[in-house]
Amino acid sequence: DWSSDVCSSDLAADMIKMAMIRIHHSLKNSGLKSKMILQVHDELVFDVVKEETEELKKLVLTCMQEAMPLPNNVPVVAEAGIGENWLDAH
């Protein structure tokens, strides 16, 4: 129903905001040169220094999965796609 859709979309919006904050701080402290450049709904787009790809992927997935614990130990699953552009990363 409409009320549960609003609730779940609000939760998703809060989760991505928390993840973005964690990622920003982690990137700042890591010394990586890659940058978070865009949010598209529940996805984040990065400009990645090629040599940093695996380290950034691990950092981002960790930050996203730990951004907001869900009740009853429901796992938060995040995925990463890599490509020359947003379309190729899918």
Side-chain angles (χ1 to χ4, degrees):
D1 77 4
W2 180 82
S3 63
S4 65
D5 289 343
V6 170
C7 248
S8 62
S9 65
D10 288 347
L11 177 62
D14 288 344
M15 288 179 78
I16 196 72
K17 287 178 202 171
M18 295 299 294
M20 290 173 71
I21 291 167
R22 281 178 170 249
I23 292 165
H24 171 77
H25 290 297
S26 294
L27 276 173
K28 192 173 179 179
N29 294 330
S30 72
L32 295 175
K33 292 180 177 72
S34 299
K35 304 287 183 204
M36 179 170 41
I37 58 170
L38 182 66
Q39 175 193 356
V40 181
H41 302 290
D42 63 344
E43 297 184 26
L44 300 175
V45 180
F46 295 82
D47 183 14
V48 181
V49 174
K50 190 171 189 157
E51 296 77 28
E52 297 177 353
T53 302
E54 286 306 312
E55 185 176 357
L56 180 68
K57 180 179 173 181
K58 182 179 177 183
L59 180 147
V60 169
L61 289 175
T62 299
C63 288
M64 291 186 82
Q65 291 171 343
E66 295 176 357
M68 183 183 292
L70 296 178
N72 301 318
N73 295 318
V74 173
V76 176
V77 178
E79 298 174 346
I82 298 169
E84 291 295 316
N85 57 55
W86 186 73
L87 182 60
D88 289 347
H90 286 83

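As the structure is a prediction and not an experimental result, all values here were calculated from the model.
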Inset, instruction - State the CG-CG distance between Leu38 and Asp47, to the nearest 0.5 angstrom. - result: 11.5 Å

Inset, instruction - Write out all pairs satisfying side chain to side chain donor-acceptor pair (under 3.5 Å) with one or both partners inside residues 25-35, taking only residues at least two apart or from two chains. - result: Ser34-Glu52

I'd like a table of donor-acceptor pairs (distance under 3.5 Å, sequence neighbours excluded) in which one partner is a side-chain atom from residues 58-65, with atom names and distances.
residue : atom : partner : partner atom : Å
Thr62   : OG1  : Lys58   : O            : 2.9

Inset, instruction - Could you check if a side-chain atom of Met36 sits within less than 4.5 angstrom of a side-chain atom of Val45, using non-hydrogen atoms only? - result: no

Legend entry - Summary of side chain to side chain donor-acceptor pair (under 3.5 Å) pairs that have at least one residue in residues 77-90, sequence neighbours excluded: Glu43-Trp86, Glu43-His90, Asn85-Asp88

Legend entry - Side chains of Ile82 and Val48 in contact at under 4.5 Å (non-hydrogen atoms): no

Inset, instruction - Could you check Leu70 against Met15 for side chain to side chain contact (heavy atoms under 4.5 Å, CB included), going step by step and ending with a plain yes or no? - result: CA-CA 10 Å; Leu70 296 178; Met15 288 179 78; 4.2 Å; yes

Inset, instruction - For residues Val49 and Leu56, determine if any side-chain heavy atom of one lies less than 4.5 Å from a side-chain heavy atom of the other. - result: no

Inset, instruction - Give a yes or no on this: more than 12 heavy atoms of other residues, nucleotides or ligands lie within 6.0 Å of atom CE of Met20. - result: yes

Legend entry - Whether over 12 other heavy atoms sit under 6.0 Å from Gln39 CD: yes

Legend entry - Sub-4.5 Å side-chain heavy-atom contact between Val76 and Met68: no

